[in-house]
Structures are given as structure tokens and as C-alpha cells.
Undergrad: 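The structure follows.
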Amino acid sequence: MSEFLNITLNQAFYLTEKVSLFGFLILCIEDIINYKDFKSNGIYSWKVLSARKNKNFSLILNNWIPIQILLLVTCLLTIFDFIEFKAISFFVITLYFIFFQKRNLYGFDGSEQMLQVIFLLLFFKSLSTNATFTLIIYYAFITQIFVSYFFSGYNKFKGKLWRNGTALNKILNTESFGNKKYSLILSKNLKLSKTLTYGTIIYQMIFPIIMIIPNYEIRLTYLGFGILFHTGIGLSMGLNIFIYSFLAIYPILLYFIQNG
Amino acid sequence: MNLFEITSIFYISLWIIVVVIFNLKILDDNYTILLSKFFILPNWSFFSPHPLITDYNLFYRVVDKNHSQNEYLKVEFANSNKMSHIFFNKGKRKTKFVLDTVLDLIEELKKTNKNDYKYIPYSLQYLLLLNYIISEITAENIKSVQFKICEQSYVNNSEKIIFQSFVHDV
């Protein structure tokens, strides 16, 4: 089993790159399909959003859908390795996220934050072939992943609803991010609801600790749970990019648990 | 390693430290704004510490040119989750965007003195929602529109009005 899962650092980076690009591709298609929402009478109207003081980069921010189509093409070319110097693609995609936040102010979620972190690190990685530099970028990846897990758990621990074990059930009870079917299951089984809520906090907070304990099987099992965890959240809450963005970092985590 | 690589390592190290400090929530807003000009600052919260446990529904009513007034109609922006959304979910950004805007408008209302409520229609959040609602109106010969935000709680199955807008000519 462990031999089957053995990957090199380059393969890990390659897989991370492909999964994150695929996630970004879906993101682009979703926004392009919703092009009407970006028109002047749509919800993301630049006419309204530009009422704020800062109007720099209006040319880009006012032509969001054409820019997004260009990004989609860039993304496709990078996925299929048609672009030699991938640093340009990664840089442009990182810029996209910066401009998105600048333009829209709202609607930027955690999975897009993760993609942004991934693409920025991939950008740095693709600028050099130096082995030491690549290794440092790899450790930067690992550190950012640990930080993201720990603080996701820590912030939940600070919340009253998370601490009393009802948060998950109540989130799933909403129409916006919930799922009636899963919510009903949790409402009928409060023990399960509490276990999953506390489990989420504990899983995220101790993630960095488990990843460095000297037992490969435990670390691998924990990663396996991670795949279930992210897929479960994505499924129940309809957060598809959440799955792609977090699973994108798993090849690098897999390399980490094999090699440290 | 060359100078570029050393500079990159220095920047990335600094970035990681800044991300940790930012997520500890000990930074003053001014420092956060300053740092966000140089670093990407991911906020690793994910429905915490205060998760969204109620729905915020948008309703509008219109007065047509014959001065007849309609009942409040619901704006459907939240899409109920399906299994297929694991592959493709084109509605999730809009849901998040509208909710973020509504929640920010509510925050703005909390901060605003009641005497200054007349300035609320000039806020970005209000304008975004008004613009969106106008775009959702399907009826013709509209003279004016008004919208309201209702908080729907499934815990005690209640719905209460959080905010009612001014009446605006279309």
C-alpha cells in the first residue's frame, strides 16, 4: 500500500498544480455562465461597486467576463502543458484573486483563499529549478497548510455554538449553505451532531501535530479522513471548489508524511 | 542560490509570519490594511467563530403606474444544495455575495445612529441590493419599489423583519 502511494516531490507538485488548476477552471466556467450578473444591472454591477472611492484598474474591473474568458483559456493551456513558462499563468491567476476581492468586495470564500495561496506558491516554485529553493517552497506549502487547518479549528473553538456542539446541525439547517436531508439526520441524532461538531474542531486543530508524529500509518489514516472530511463538507454544503482546493494540497501532504 | 531566490525566501518567510499574526486577530485594522497591500492575508475561519445559522431572505414589492401596490415577493437567490453541486454549482457565489452584502448592511445599521438612517441608502450594501432587486423585477409599468430583509430561523421556525428600505422610483 505504502509503495503504491509513493510519490516524488515533483510528482506531488505536478498533481497539486493539476487539481488546483482544475478547481480554478470550474470557478471560471461558473462565473462565465453567470455573465448576466456582471452586467450593469446585475448583482456584481461594476457601476454600483465602483461607487467606492478607489477606481483604479477600471479597465480590468469593468471588463470582468472577457478577462475571465482569457483566464479560462490560460488555465486550459496550462492544464494541458501547452504553456512552457507556467510562472506567468500562476502569476496571472494569483492576480485574478487579488482583483476579484478589489472588485467585488463580497463573495470571496475560504476555498478561493486556499487556491490563491496555492497559486502564489506555485508561482514562486516555477521561477527556479534550484533543488534547495524547491524544498523551501515545499516547506512553505506545508506550513501554510498547517496554519490553515489549525486556525480553522481554533476559530471554531472560540465560537459558542461550536463549543456546545450545535453549530453543524444549525448550519445545515439553513437554506443558504445547508442540506435538509443531512440536517434532519443530525436533528434526530444529537449525539452524532455533537460528535461531528467536536470532531471537526479537534480534527482541524490537531492536524499539524498528527502530521509530525513518527507513525506513518496513523498519518496516512488521518489524511484519508481528511479526504472524507472535505468531500463530506463539499457534498452537504454544495461547496465544490472547497473540495478541489483542499484536495489539491493532499499530494504535497502525502509526500510530507512519507518523507518528512 | 541567487539573489532572486534569497529575496523570495525572505518574502515567503515574512508572509507566513504575517499570516499567523493576522489569524491570531491581534492586529489593529490599520495594520491589517497596510499589510494587505504587501501580502495575501487568508482568513482561516470557515463558518467560525459565529456560523450562519439563519437565512436572510429578500422581499420586494412594487407600485405600478396605476398606483396599485403588489404583495411582497421573495427574491430567490439561495439555491438548495444538490448532489450534482459537488461538480458544478453556479449559484453558490451569488448566495455568498448576497448574504455577505446583507450581513454587512445589518452591521452598518447597528453602527448607525437612528437619526442618520436617512444616509443608509447611500451605502454600498444598500445600493447593491437595490440594484439587484430592480434587476429581478419581472413586472412591467413599475413606478416604484421597496425591499425588506427578513431573518428566518429554523430553530424556532420564526421570521422577523430586520430591515425595510425606503421607497424608490424605478
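Chain letters run A, B, ... following the sequence lines, proteins first and then strands; every chain starts at 1.
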Undergrad: Testing the basics here: between L124(B) and L49(A), what is the closest heavy-atom pair and its distance to 0.1 Å?
TA: CD1-CA, 4.0 Å
Undergrad: Do D55(B) side-chain atoms and T174(A) backbone N/O form a donor-acceptor pair below 3.5 Å?
TA: no
Undergrad: Kindly indicate whether the side chain of W44(B), heavy atoms from C-beta on, has any atom under 4.5 Å from the side chain of Y154(A).
TA: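 No - every pair of side-chain heavy atoms lies 4.5 Å or more apart.
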Undergrad: What residue, out of D104(B), L41(B), V98(B), has the most heavy-atom pairs lying under 4.5 Å from chain A?
TA: D104(B)
Undergrad: Which one wins on heavy-atom pair count under 4.5 Å against chain B: T143(A), N179(A), I26(A), L120(A)?
TA: L120(A)
Undergrad: Any chance NZ of K194(A) has more than 12 other-residue heavy atoms, nucleotides or ligands included, within less than 6.0 Å?
TA: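 Atom NZ in K194(A) is not packed in, count stays at 12 or less.
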Undergrad: Taking N131(B) for the side chain and I43(A) for the main chain, is one N or O donor matched with an acceptor at less than 3.5 Å?
TA: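 Checking the backbone N and O of I43(A) against the side chain of N131(B), no donor-acceptor pair under 3.5 Å is found.
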Undergrad: K39(A), R163(A), Q144(A), K181(A): which one forms the most heavy-atom pairs within less than 4.5 Å of chain B?
TA: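 Option with the top pair count is Q144(A).
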Undergrad: Go through the steps for R93(B) and N34(A) under the test side-chain contact (heavy atoms from CB on, under 4.5 Å), then give the verdict.
TA: CA-CA 10 Å; R93(B) 191 186 296 291; N34(A) 289 325; 5.7 Å; no
Undergrad: Quick check for you: to the nearest 0.5 Å, what is the distance between Q101(A) atom CD and S36(B) atom OG?
TA: 9.0 Å
Undergrad: Test side-chain contact (heavy atoms from CB on, under 4.5 Å) on Y106(A) and L103(B) and set out the steps.
TA: CA-CA 10 Å; Y106(A) 305 114; L103(B) 290 171; over 6 Å; no
Undergrad: Relative to chain A, which segment of L24(B) carries a heavy atom at a distance below 4.5 Å: side chain, backbone, both, or neither?
TA: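 Both backbone and side chain.
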Undergrad: Check each of F246(A), Y149(A), F151(A) against F46(B) using the ring pair (Phe, Tyr, Trp, His ring centres under 6.0 Å) test, and report the only one that passes.
TA: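 Answer after filtering F246(A), Y149(A), F151(A): F246(A).
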